[in-house]
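Lettering of chains follows the sequences in order, A, B, ..., and the numbering in each one begins at 1.
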Amino acid sequence: KAGVTQTPRYLIKTRGQQVTLSCSPISGHRSVSWYQQTPGQGLQFLFEYFSETQRNKGNFPGRFSGRQFSNSRSEMNVSTLELGDSALYLCASSLNSLVTSEAFFGQGTRLTVV
Amino acid sequence: GESVGLHLPTLSVQEGDNSIINCAYSNSASDYFIWYKQESGKGPQFIIDIRSNMDKRQGQRVTVLLNKTVKHLSLQIAATQPGDSAVYFCAEKQGGSEKLVFGKGTKLTVNP
């Protein structure tokens, strides 16, 4: 069974640009969450999508947005990039059942803003 | 605050020793806890989980202990191997939400 797939693996953008990251969850998983990982702040929750609806949102500015498609694939978008947005962006998928709550992570997208 | 914290940022052990990584969590409403291992350049990898109605759970070479009285979580790795070298994170989840709150991480180094 394929794991969580994130594309692209690496990105370099300049300040002020926008970027879109993609995540394909494990087949059958309907919940997709996004996290930002930086050396200073660690792993921080961005948002979670389930059945194409945002169910939960972290404390990030409105420049960070996301969406989920009917096949559970998800994208996140960051507009007006700032230097501080440089980070590893991780996607996690879970079955979201009453029985199991394991969340599986992808390899991440390393975003560098210059 | 909301975050799950870790007691030690680094831990160095000899190959073959047992390792213990600790974690303190702050939200007594959390009912599910997970340990992740993250190797350089990779995403976090699930190691073991435990629900709040348990105090111990064992996997292959790993054991997680949960003490709800003092809100403490620990990961024990038996016969630590060089391949166990990584950063270990504990994370908590509250009922009904998929949101994970992570600790800062402990970097485990296994010396041959």
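- Contact of B/Gln38 with chain A is made through the side chain alone, with heavy-atom distances under 4.5 Å.
- Taking 4.5 Å as the limit, every side-chain heavy atom of A/His29 sits out of range of all side-chain heavy atoms of A/Phe50.
- With values rounded to the nearest 0.5 angstrom, A/Arg110 atom CZ is found 11.5 Å from A/Ile12 atom CD1.
- Partners of B/Lys56 according to the salt bridge (Lys or Arg N to Asp or Glu O under 4.0 Å) rule, which considers only residues two or more places apart in sequence or in another chain, do not exist here.
- If you measure heavy-atom distances from A/Gln37 to chain B, the contacts under 4.5 Å come from the side chain alone.
- Residues of residues 62-72 of chain A lying within less than 4.5 angstrom of chain B, judged on heavy atoms, are absent.
- Between A/Phe105 and B/Phe102, the ring-plane angle classifies as perpendicular under the 30° and 60° cut-offs.
- Looking at A/Leu90, the atoms closer than 4.5 Å to chain B (heavy atoms on both sides) all sit in the side chain, from C-beta outward.
- For the side-chain contact (heavy atoms from CB on, under 4.5 Å) test, residues two or more places apart in sequence or in another chain that qualify with B/Pro82 are B/Glu15, B/Val110.
- Only the side chain of A/Arg9 comes within contact range of chain B, with at least one heavy atom under 4.5 Å from a heavy atom of that chain.
- For A/Gln54, the side-chain contact (heavy atoms from CB on, under 4.5 Å) partners are A/Phe47, A/Tyr49, A/Lys57, not counting sequence neighbours.
- Between A/Thr38 and A/Gln41, the side chains place no donor N or O within less than 3.5 Å of an acceptor N or O (distance only, hydrogens not considered).
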Report the C-alpha separation of B/Arg61 and B/Asp84 in whole Å, then their side-chain angles, then the decisive distance to 0.1 Å, and conclude whether the salt bridge (charged side-chain N to carboxylate O under 4.0 Å, His left out) test is met. CA-CA 11 Å; B/Arg61 282 201 307 119; B/Asp84 294 326; 2.9 Å; yes
